[in-house]
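Just follow the structure's listing: the first ligand is 1, and inside any ligand the first atom is 1.
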Amino acid sequence: MEDPEPEPKLVLVFSGKRKSGKDYVTDLIHSRLGPDVCCILRLSGPLKQQYAQEHGLDLDQLLGPGLYKEQFRADMILWGETRRRHDPGFFCRLATRGARQPVWVVSDARRLSDLRWFFSEFPRQTRSVRVQSSETTRTQRGWSFTTGVDDAESECGLDSGVEFDWIITNEADAPSLEEQLQPILKLAEEAASSSSSSSL
Ligand SMILES: Nc1ncnc2c1ncn2[C@@H]1O[C@H](COP(=O)(O)OP(=O)(O)OP(=O)(O)O)[C@@H](O)[C@H]1O
Ligand SMILES: C[C@@](O)(CCOP(=O)(O)O)CC(=O)O
């Protein structure tokens, strides 16, 4: 029989609006902690994989930061919501399958059901982090308001009702990301080096 999968010691669940810099910030954490300690899990990963396959699309471009994915975003949201309606944890389970590092960084929570799934599966280990940027900065990074996307649950589902453990302001005139991420990196290093998986 296969060994049961080890539980993570820390699960950092990130959310933020389009072009707030979720990938940028989580990539920075990953590069600081290294691939043995930390993995990045994208809830949109299995969604995009399946969607690309069914629609004959370029998965690498769907996963990247460019404009390509934006032409499919509204339809991908609806497509994913059909699956979530039957099983809200569907993409969370797929995205976490096989993850073995002690620190999991989930880069793209969007809905209360995503957060609830992690808090219910890993109540002691889960922490929530919001990445925020002004609309001006997001626009400079390529964002423009799209009806049906920016006013829908995918973008607004965590606007209220959550007390985030940390809020990271990803702006040129904010304290550096290095500085803002210090407490998170410290907790991650402690969690990774602790011998017990049962407490942080
Ligand atoms: N602090 C930063 N310094 C320089 N470039 C940044 C910074 N934050 C984000 N960017 C750039 O802005 C763009 C959007 O960032 P990113 O892809 O991380 O956002 P996101 O929140 O993951 O967006 P989306 O959900 O729309 O894909 C990327 O090209 C990224 O490299
Ligand atoms: C379809 C969707 O997963 C796209 C996410 O794309 P991205 O994380 O912004 O690259 C958004 C959603 O699930 O609501």
Side-chain angles (χ1 to χ4, degrees), residues 12-32 40-55 57-96 105-118 128-159 164 167-181 184:
L12 296 166
V13 183
F14 281 75
S15 66
K17 300 215 177 242
R18 291 204 287 145
K19 305 297 175 208
S20 58
K22 301 179 292 298
D23 284 331
Y24 189 91
V25 170
T26 52
D27 283 348
L28 190 59
I29 291 178
H30 186 251
S31 74
R32 289 290 175 278
I40 297 188
L41 305 175
R42 295 197 167 85
L43 304 183
S44 59
L47 188 160
K48 289 176 178 177
Q49 193 171 17
Q50 190 67 32
Y51 185 87
Q53 206 174 317
E54 280 187 21
H55 295 79
L57 300 177
D58 180 334
L59 177 59
D60 285 341
Q61 289 213 61
L62 273 189
L63 291 168
L67 272 178
Y68 178 82
K69 65 183 173 188
E70 301 306 334
Q71 40 186 327
F72 306 107
R73 185 182 291 274
D75 191 55
M76 279 197 294
I77 291 173
L78 295 177
W79 186 92
E81 278 170 358
T82 307
R83 269 143 192 85
R84 283 182 161 108
R85 250 194 305 282
H86 295 292
D87 178 0
F90 183 73
F91 296 114
C92 298
R93 269 200 314 281
L94 283 179
T96 54
V105 174
V106 179
S107 71
D108 59 349
R110 295 172 174 279
R111 297 165 172 82
L112 281 170
S113 63
D114 297 332
L115 270 182
R116 284 197 190 114
W117 188 86
F118 283 98
S128 60
V129 191
R130 186 73 165 172
V131 180
Q132 64 180 21
S133 300
S134 65
E135 291 197 353
T136 307
T137 300
R138 291 168 60 212
T139 303
Q140 283 161 3
R141 294 178 188 149
W143 174 75
S144 65
F145 186 90
T146 307
T147 303
V149 170
D150 292 294
D151 52 0
E153 190 189 9
S154 174
E155 287 298 305
C156 306
L158 298 174
D159 281 358
F164 295 103
I167 296 177
I168 304 297
T169 303
N170 183 21
E171 291 282 348
D173 61 3
S176 71
L177 288 176
E178 290 290 342
E179 190 181 322
Q180 294 184 67
L181 293 174
I184 299 179

Checklist entry - In Å, rounded to the nearest 0.5 Å, how long is the span from OG of S44 to NZ of K22? => result 9.0 Å
Checklist outcome for this item: Test side-chain hydrogen bond (donor to acceptor under 3.5 Å, both in side chains), reference S133, set R138, R141, K19, output is R141
Checklist outcome for this item: For R73, the ligand 1 atoms with a heavy-atom partner under 4.0 Å come out as 26 (O)
Checklist outcome for this item: When distances are taken from atom 1 (C) of ligand 2, the protein heavy atom at minimum range is M76 CB, 3.5 Å
Checklist entry - So which heavy atom in the protein is nearest atom 24 (P) of ligand 1, and how far is it from that ligand atom? => result K19 N, 3.7 Å
Checklist entry - K17 pairs by salt bridge (Lys or Arg N to Asp or Glu O under 4.0 Å) with which of D151, D159, D108? => result D159
Checklist entry - For atom 29 (O) of ligand 1, which candidate among A172, G16, P65, S20 provides the closest heavy atom? => result P65
Checklist entry - Any N or O of G21 that comes nearer than 3.5 Å to an N or O of ligand 1? => result yes
Checklist entry - Any idea which part of R42 is under 4.0 Å from ligand 2, heavy-atom wise: side chain, backbone, both or neither? => result neither
Checklist entry - Heavy-atom contacts under 4.0 Å between E81 and ligand 2: side chain, backbone, both, or neither? => result neither
Next on the checklist: I need the contact type for R111 against ligand 2. Using non-hydrogen atoms and a strict under-4.0 Å cut-off, is it side chain, backbone, both or neither?
Outcome noted: side chain
Checklist entry - For ligand 1, is K69 a contact, meaning one of its heavy atoms is under 4.0 Å away? => result yes
Next on the checklist: For the 3.5 Å polar cut-off, considering only N or O atoms, please tell me whether K22 and ligand 1 meet it.
Outcome noted: yes
Item to check | Lys/Arg N to Asp/Glu carboxylate O, R73 vs D150, below 4.0 Å | outcome: no
Next on the checklist: I'd like to know if atom 14 (C) of ligand 1 has any protein heavy atom within a distance of less than 4.0 Å.
Outcome noted: yes
Checklist outcome for this item: shortest atom 31 (O) of ligand 1-to-protein heavy-atom contact is with Y24 CD1, 3.6 Å
Next on the checklist: Any atom of ligand 2 sitting under 4.0 Å from a heavy atom of R84?
Outcome noted: yes
Checklist entry - Which protein heavy atom lies closest to atom 5 (C) of ligand 2, and at what distance to 0.1 Å? => result R110 NH2, 3.4 Å
Item to check | For atom 14 (O) of ligand 2, closest protein heavy-atom neighbour | outcome: S154 OG, 2.7 Å
Next on the checklist: Pairs of nitrogen or oxygen atoms closer than 3.5 Å, one from R73 and one from ligand 2: do any exist?
Outcome noted: yes
Next on the checklist: As an exercise, identify every atom of ligand 1 less than 4.0 angstrom from a heavy atom of N170.
Outcome noted: 1 (N), 2 (C), 7 (C), 8 (N), 9 (C)
Checklist entry - Counting each atom of ligand 2 from 1 as listed, which ones have a heavy atom of S44 under 4.0 Å away? => result 3 (O), 5 (C), 8 (O)
Checklist entry - Can you tell me the protein heavy atom closest to atom 11 (C) of ligand 1 and the distance? => result R141 CD, 4.1 Å
Next on the checklist: With nothing but distance in play, are any N or O atoms of R18 less than 3.5 Å from an N or O of ligand 1?
Outcome noted: no
Checklist entry - Can you list the ligand 1 atoms lying under 4.0 Å from a non-hydrogen atom of K17? => result 21 (O)
Next on the checklist: In terms of relative ring orientation, are W143 and F145 parallel, tilted or perpendicular, with 30° and 60° separating the classes?
Outcome noted: perpendicular
